Amino acid sequence: MSEIRPTSFDSPDGLLRGLNPEQHAAVTLPPGPALILAGAGSGKTRVLTTRIVWLIQTGQVAPGGVMAVTFTNKAAREMLTRLGAMLPLSLRQLWVGTFHGLCHRFLRLHWKTAGLPQTFQILDMQDQLSAVKRVLKAMNLSDEQFAPRKISSFIAGCKEEALRPGQLEIDSPHTRTLVDIYEAYEQQCQREGVVDFAELMLRTYEVLHAHPELRAHYQQRFAHVLVDEFQDTNRLQYAWLKLLAPPGTPQSVFVVGDDDQSIYGFRGARVGNMEDFTREYGVRDGETPQRLVRLEQNYRSAGHILECANALISNNTVRLGKTLRTDAGVGEPVRVMGAASDADEVRWLLEEVAALQRAGTALDQIAVLYRSNALSRGVESGLFNAGIAYRVYGGLRFFERAEIKHALAYLRLLENPHDSSSWLRVVNFPARGIGARTLEQLQDAAQNNGVSLYAAVSALPDNRSRDRLQGFIDLIDDLRQRASGLKLPEIIQRVVEGSGLQAAYEAEREGQERLENLGELVNAADAFERYEQRGAPVTPVAADGESGAPPEAAQGTLSSFLTHAALEAGDNQAQEGHSAVQLMTIHAAKGLEFDAVFLVGAEEGLFPHEQALADPDGLNEERRLMYVAITRARQRLSISHAQARMLHGQTRYNVPSRFLDELPEGAVKWLTPPRAATGASFWGRDSVGSAGWGGNRRAAAAAPVPNVWTESQASPTEPARQDAPPPASGTALRKGQGVFHTKFGEGRVLAIEGTQPQARVQVAFRRHGEKWLDQTLAKLQPI
DNA sequence: GCGTTTGGGGTACCT
DNA sequence: CCCCAAACGC
């Protein structure tokens, strides 16, 4: 065992100082299995990292003997950062990463045993979808009857149950076809040397399963296996864990999770794994030492917020059970706001945000959460009009942008020309006169000969089409040759130029942004290369010095970078700097915390989402989602719902979410809209019966009600836009004229170009700066 | 082969 | 309402 070098902590005592008794007990558990039930905001990550440091510092394990698994790259990075600060070690020795990242690391080491080409590539979800489409085409199946998305999730679902096509039960002709598609898809992937996300896991599992000597090696090596967010593991991940560290061995399996925060059932997460773990690893209440540790001390939220969370989640019956507590005092009650319409909800939100801002709350400490992305739009436009900075999470991420995927496709072809997904993506982009007909022929040839598209070119008749395809092959070969010996950023620069991507985007009207993104890709590669040389474990290039697992491959820098791009799609917009209100789905908010949280759209049908109710555990999972939303808030939590809401182009009349009924009266303050005191009840002059807050709200659904608030007066945060007269046709604008724009608000005309009413008009907006607008499109209203 | 139009569909999106 | 994908026309 390697010696333990001195660390930044004089002694374990220093390391453990500041832990509460539960945390202390968890961190210092003697070897053996353990389940840490870590409530929201209970210091879960701290316990996990401190445990690792404690194990190493006290000489119980060498750094190489630790494996720590997380779900997201973000969590893995955070753990590494903390470990890096606490341990003066090369982090490369630690096997810390995501399930998929670690499996990938394993497969790069054991590619031969796994039956993969050394240069295998990873398919992301888009790639997988296009691969499925090709399979369907080759099998002459309509993608109406077999929706590619459905097929894709069917295949992923099978793999997560460790089921190969041969092991599936065929109970109908439809299932027969599904299984045939699955089988053809697998053959295609194998042919092309690519693996999807689920395959990384399953292939690793199968290799470990089929090779006892390899399994024994890793079991011996990893004396301590730690798993974060265990409630989100699927069947296969748990089975994988049991292979690596089976129950009844001297290995320590330390899993941390919160069954109340399991919100990924829709993609295979199995809360039941937690209960199975207690049974299979023999971890139960009332033992000494206590191997089932509950972290119930919450360091995040004020008392009333926690009361709401506890009360709500107690409605879920199948739980391991725990109750959060805090020393922070009760704080403010949770506020519930019923708005007449979605527009009113946003107006109220804007006033609240403005008030918080005046009271000194930083904007980035304010979050607006919603169940589904469709709800973000109204909030966004409201904030935009009010000139309040905001940031929306979700949406396209860096490595998912079309131009980036194109560049990566060329790079992947340099590594592995058989990668047909990449081939199809760029064979005719930029255009090279290779059309659908040619590619159809090529795909037929590939199908008939059972080879990749690249390999099928030589099987085509010698004609013009083939010449063009050959030209593409020559281009790739040429790029590959010229890339040899260059550094990564230079390779990418050359490929962007040599492939014609650069020229194509230069010619495109809106190509400027794409070119900038490609420039960013070169920068990212540069940063990646330098980071890697510093020895940070971005990439799994571990040289296994130990017997039993000889290094079968060291990954090149390009290859590592491609892996990085596939496994980590990148932030959607990492622009830090000025403070902004955070907008995101509840799913995206998991693990985050904010001083003030607004949960909008708390309505039946939206939350709980109607489509979630089909699943037997659907409502419970929705409730867990609500629990996650509530526990994001530190000091103030506001929940709102609207009676009328415009969604998907039509107005829906929703009743408040049933979850609101589950909040304890004493911890909640029901707000009425500011102007409801004008005589009419908020629900509108008895038109919906006596549906007050305590009443039979749900039964009172659907009757449209006069919009008390909107009709009274426009909110001060917004100019009276609905009430402004429509632009008189033929109204001539003049320089200096004040105008109103529905999106940019008030402004003043600076210049006019062309002849009205088809002129281009330059306007200086009060909140959004100067803009050129097309008069025919932008309905500018003179003020 | 390429660009525009029409029409379908819309829970959450980690790896 | 808004986005993406297939279908249509040049």
Side-chain angles (χ1 to χ4, degrees), chain A residues 69-76 97-104 122-130 133 142-144 147-149 152-153 156 159-160 195-201 228-229 232-234 236-237 262-269 342 369-378 380-381 393-397 399-400 402 428-439 465 468 508-509 563-570 572 584-591 601 605-615 618 621-622 624-625 628-629 645-652:
Chain A
V69 200
T70 64
F71 265 86
T72 63
N73 289 300
K74 202 172 136 203
T98 63
F99 278 101
H100 295 87
L102 294 176
C103 285
H104 171 262
I122 302 166
L123 295 184
D124 66 17
M125 229 166 40
Q126 292 173 42
D127 298 330
Q128 198 190 342
L129 212 58
S130 82
K133 284 180 189 167
S142 76
D143 43 11
E144 282 156 34
R149 268 183 68 126
S152 213
S153 73
K159 290 187 179 181
E160 280 161 13
V195 294
D196 59 37
F197 285 131
E199 187 72 27
L200 288 170
M201 279 298 315
D228 192 13
E229 306 275 18
D232 284 336
T233 49
N234 60 36
L236 179 57
Q237 284 158 338
S262 171
I263 55 173
Y264 284 110
F266 68 93
R267 62 172 199 228
D342 47 353
L369 308 184
Y370 31 81
R371 174 65 179 86
S372 60
N373 275 315
L375 291 194
S376 77
R377 195 155 296 131
E380 269 183 80
S381 63
Y393 286 73
L396 260 201
R397 294 183 301 170
F399 286 114
E400 288 167 357
N428 198 37
F429 191 91
R432 305 189 168 85
I434 300 170
R437 266 185 75 86
T438 305
L439 288 176
S465 303
R468 287 179 170 155
E508 218 174 77
R509 286 181 305 281
T563 299
H564 170 71
L567 287 179
E568 189 163 355
N572 54 333
M584 64 191 86
T585 62
I586 303 168
H587 282 92
K590 184 156 172 243
L606 290 178
F607 193 21
H609 199 282
E610 51 204 351
Q611 297 200 43
L613 301 178
D615 187 78
E621 180 148 327
E622 294 291 298
R624 292 192 288 266
L625 199 51
V628 169
R645 183 180 296 279
M646 183 77 155
L647 204 64
H648 302 322
Q650 53 184 343
T651 305
R652 296 174 38 158

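Chain identifiers are assigned alphabetically (A, B, ...) following the order of the sequence lines, protein sequences preceding nucleic acid strands; residue numbering begins at 1 within each chain. Only a predicted model underlies this, so the values are computations on that prediction, with no experimental measurement involved.
- A salt bridge links A:Arg624 to A:Glu621: one of the charged nitrogens lies within less than 4.0 Å of a carboxylate oxygen.
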Let me have a per-nucleotide readout for nucleotides 10-15 of chain B, 5' to 3', with B, S or -, counting only protein heavy atoms under 4.0 Å.
BBBBBB

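- Contacts of A:Asp228 classified as salt bridge (Lys or Arg N to Asp or Glu O under 4.0 Å), with partners at least two apart in sequence or in another chain: A:Lys44.
- Of the possible polar contacts, none joining the A:Asn428 side chain to the A:Gly435 backbone as a donor-acceptor pair under 3.5 Å is found.
- Summarising the geometry of A:Phe197 relative to A:Leu567, their closest heavy-atom pair is CE2-CD2, 3.8 Å, with the distance given to 0.1 Å.
- Ring centers of A:Phe266 and A:His609: at least 6.0 Å apart, outside the cut-off.
- When the P atom of B:dG9 is taken as reference, atom CG of A:Leu647 falls 17 Å away, rounded to whole Å.
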Protein-proximity profile, nucleotides 5-10 of chain C, B/S/- by nucleotide at the 4.0 Å heavy-atom cutoff, equals ------

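- Rounded to a whole angstrom, the distance from the C1' atom of B:dC14 to that of C:dC3 is 23 Å.
- Of all the heavy atoms in A:Ile263 and A:Lys590, the pair that sits closest is CD1-CD, 3.5 Å.
- With rounding to whole Å, A:Arg437 atom CZ is found 15 Å from B:dC2 atom P.
- The aromatic rings of A:Phe399 and A:His564 sit perpendicular, their planes meeting at an angle over 60°, well past the 30° parallel limit.
- Judged by distance alone, with hydrogens and angles left aside, the side-chain atoms of A:Asp615 form no donor-acceptor pair with the main-chain N or O of A:Ala612 at under 3.5 Å.
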